[in-house]
Amino acid sequence: MRVLVFGATGQVGNALSKHDNVVALNRAEADLTNPQGCARLIERAEVDAVINAAAMTAVDRAETHTGEAFVVNARAPAAMAMACTKKRIPLVHLSTDYVFDGSGRGHWRPEDTPSPIQVYGRSKLAGEDTVRASGGVHAILRTSWVFSGRIGNFVSTILRAARARPQLSVVDDQIGAPTPADALARAAMTVATSLCARPELSGTYHFCGDKALSWADFAHEILTEAKLGVDVVPISTSAYAAIARRPQNSRLCCHSLAVAFGIKPADWRTALPSVVRDLQAAAKVA
C-alpha cells in the first residue's frame with residue numbers, strides 16, 4: 001500500500017515520512033495556496049490513500065490572514081477530497097480541537113456540534129465540511145496539543161524559554177491532552193489502511209493523549225523531565241496576551257476511534273522523555 005502525504009515539513013508529516021511506502025510532499029512540492037495544484041498531484045500519483053497533515057496552524061496569524069487560512073485549511077482539503085473521490089481512494093484529513101468553543105468540562109465527542117471561536121477554528125471546520133461533502137471515503141481525525149522532537153511546538157518553546165529565564169508564566173485554565181506526533185502518524189496510517197478495506201468506516205474521529213492537564217502542568221512535566229530547576233507560575237488565559245481566543249476545554253473523547261479501528265489514546269508521558277532528549281541535543285548543536 002502506498003500513501004501520499006501532504007505536509008512533510010510539519011510534525012506529523014515528518015513522522016509519516018518515516019513510514020514505509022509513503023510519498024511525503026513538502027511545501028515546495030505541494031503548495032496549499034494552490035488547491036487545484038494539490039488536486040493534480042493526487043490525480044497523477046500512483047497511491048492507494050492520501051493523508052493531509054498540512055495546514056496553516058498559526059492561530060494568531062490566521063486572525064490577520066483570514067483569506068490565506070481559508071484557502072489552506074478549507075479550499076485545499078476540498079480539492080484534495082474531490083480528487084480522492086474521483087480516484088476512489090480514501091482521504092485521512094487531520095483536524096483540531098479548535099473546532100469546538102472549549103466550554104464545559106466534559107470530553108468533546110465527534111458528534112458534538114462544533115462552534116469555533118477564532119478564524120483558525122472556523123477555517124478548519126470549513127475544511128472538514130468540504131471533505132464530508134465530497135462524498136468520498138474519508139476519515140476526519142481531530143487531535144490536540146501535538147508535540148515532537150522538532151522545534152515549533154509547546155515542548156520546544158518551554159525548553160527554549162527555560163534556558164533564558166528562571167521563571168515561566170504559563171496558562172493553567174486551558175485543559176487538553178498532549179499528543180505525540182509519532183503516535184498520531186501511526187494512527188493516521190492505521191486509519192488509511194483500514195479505510196481501503198472497509199470504506200464504511202468513513203466518518204469523524206478523535207485521537208489524542210491519554211491524560212488531560214493544563215498547559216502549566218504540562219510545562220512542569222517537561223521541565224521535570226529535562227531536569228531544569230525553573231519555576232512555573234500559573235496564570236489565567238486573560239493574563240496571557242494573544243490575538244486569537246483559545247478553547248479552555250480541549251478534552252477529546254476517543255472512544256469511537258478505539259471501537260472502529262482499535263486505536264487507543266496515546267501515552268504521552270512515555271513519549272515525552274525521548275522528545276525532550278532530542279530537543280536538548282539539538283539545542284547543544286545549534
Side-chain angles (χ1 to χ4, degrees), residues 1-59 61-62 65 67-96 120 123-124 126-128 130-132 134 136-143 146-153 156 179-196 202 205 207:
M1 175 177 169
R2 282 171 60 82
V3 179
L4 182 66
V5 171
F6 288 85
T9 54
Q11 295 186 89
V12 182
N14 178 260
L16 283 164
S17 69
K18 299 173 185 176
H19 288 244
D20 293 335
N21 299 318
V22 164
V23 179
L25 304 176
N26 60 34
R27 292 174 183 171
E29 296 165 316
D31 180 4
L32 268 70
T33 64
N34 179 9
Q36 290 309 311
C38 294
R40 285 192 290 272
L41 289 169
I42 294 172
E43 292 166 0
R44 297 167 184 167
E46 296 295 328
V47 295
D48 303 292
V50 175
I51 298 175
N52 179 29
M56 178 179 173
T57 59
V59 179
R61 188 174 186 274
H65 293 71
E68 180 184 353
F70 273 86
V71 170
V72 172
N73 293 342
R75 288 178 54 197
M80 293 178 197
M82 290 305 300
C84 287
T85 299
K86 290 177 182 177
K87 292 192 71 166
R88 297 184 179 181
I89 60 175
L91 169 66
V92 177
H93 175 66
L94 302 190
S95 192
T96 173
Y120 170 66
S123 68
K124 289 296 289 182
E128 289 188 8
T130 64
V131 170
R132 296 188 191 97
S134 70
V137 178
H138 71 274
I140 293 164
L141 201 55
R142 295 178 182 141
T143 191
V146 178
F147 71 94
S148 70
R150 295 165 61 85
I151 62 171
N153 62 79
S156 66
T179 306
D182 285 346
L184 180 53
R186 289 193 297 272
M189 285 293 290
T190 297
V191 171
T193 301
S194 298
L195 286 176
C196 288
S202 287
Y205 299 93
F207 177 80

K.L.:
If I compare all heavy atoms of Asp20 with all of Met189, which pair ends up nearest, and what's the gap?
P.N.:
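Nearest pair, atom of Asp20 first, then Met189: O-CE, 4.5 Å.
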K.L.:
Give, for atom NE2 of His93 and atom CG of Asn73, the distance between the pair rounded to the nearest 0.5 Å.
P.N.:
7.5 Å
K.L.:
Of all the heavy-atom pairs spanning Asp31 and Cys38, show the shortest one and how long it is.
P.N.:
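Scanning both residues completely, I find the closest heavy atoms to be O-SG, 3.5 Å.
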K.L.:
To the nearest 0.5 Å, how far apart are CG in Leu4 and CE in Met80?
P.N.:
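These two atoms lie 8.5 Å from each other.
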K.L.:
Which atom pair, heavy atoms only, marks the closest approach of Ala62 to Tyr120?
P.N.:
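Where Ala62 meets Tyr120 most closely, the heavy atoms are CB-N, 4.0 Å.
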K.L.:
Could you tell me the separation between the CG atom of Asp48 and the CG atom of Asn21, rounded to the nearest 0.5 Å?
P.N.:
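If we round to the nearest 0.5 Å, Asp48:CG and Asn21:CG are 9.0 Å apart.
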K.L.:
Nearest 0.5 Å, what's the CD1-CG distance between Ile51 and Leu141?
P.N.:
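Result: 9.5 Å between the selected atoms.
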K.L.:
Taking CZ in Arg27 as the centre, count heavy atoms belonging to other residues, nucleotides or ligands within less than 6.0 Å. Is the count above 12?
P.N.:
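No, not enclosed.
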K.L.:
Within the structure provided, determine whether Val3 and His19 are in side-chain contact (heavy-atom separation under 4.5 Å).
P.N.:
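No, their side chains stay 4.5 Å or more apart.
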K.L.:
Under the side chain to side chain contact (heavy atoms under 4.5 Å, CB included) criterion, do Leu41 and Phe6 qualify, and how do the steps go?
P.N.:
CA-CA 10 Å; Leu41 289 169; Phe6 288 85; 4.2 Å; yes
K.L.:
Has the side chain of Gln11 got a donor or acceptor atom that lies under 3.5 Å from a matching backbone atom of Ala181?
P.N.:
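A pair under 3.5 Å: no.
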K.L.:
Any chance you could lay out the side chain to side chain contact (heavy atoms under 4.5 Å, CB included) test for Ile89 and Val47, step after step, and finish with the verdict?
P.N.:
CA-CA 8 Å; Ile89 60 175; Val47 295; 4.2 Å; yes
K.L.:
So which heavy atom on Ala15 is nearest to which on Ala185, and how close?
P.N.:
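Looks like CB-CB, 3.7 Å.
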K.L.:
Ala49 and Ala192: which non-hydrogen atoms are nearest, and at how many Å?
P.N.:
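That closest heavy-atom pairing would be CB-CB, 4.1 Å.
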K.L.:
Tell me if a side-chain donor or acceptor on Ser202 pairs with a main-chain N or O of His138 at a distance below 3.5 Å.
P.N.:
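Yes: the side chain of Ser202 pairs with the backbone of His138.
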K.L.:
How about Met1 and Cys196: do any of their side-chain heavy atoms sit closer than 4.5 Å?
P.N.:
yes
K.L.:
Using atom types as modelled and distance alone, determine if a side-chain donor or acceptor of Arg2 lies under 3.5 Å from a backbone N or O of Val23.
P.N.:
no
K.L.:
Measure the shortest side-chain to side-chain distance between Val5 and Ser17 over non-hydrogen atoms and say whether it is less than 4.5 angstrom.
P.N.:
no
K.L.:
Which pair of heavy atoms, one from Pro35 and one from Ala79, lies closest together, and at what distance?
P.N.:
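Looks like O-CB, 3.3 Å.
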K.L.:
Please lay out, stage by stage, how Lys124 and Arg142 fare under the test side chain to side chain contact (heavy atoms under 4.5 Å, CB included).
P.N.:
CA-CA 10 Å; Lys124 289 296 289 182; Arg142 295 178 182 141; over 6 Å; no
K.L.:
Please identify each residue that fulfils side-chain hydrogen bond (donor to acceptor under 3.5 Å, both in side chains) with Asp182, with sequence neighbours left out.
P.N.:
none
K.L.:
Measure the spacing between CZ of Arg150 and CG of Asn14 and express it to the nearest 0.5 Å.
P.N.:
4.0 Å
K.L.:
At what distance, to the nearest 0.5 angstrom, does CZ of Phe147 lie from CG of Asn153?
P.N.:
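One gets 8.0 Å once the value is rounded to the nearest 0.5 Å.
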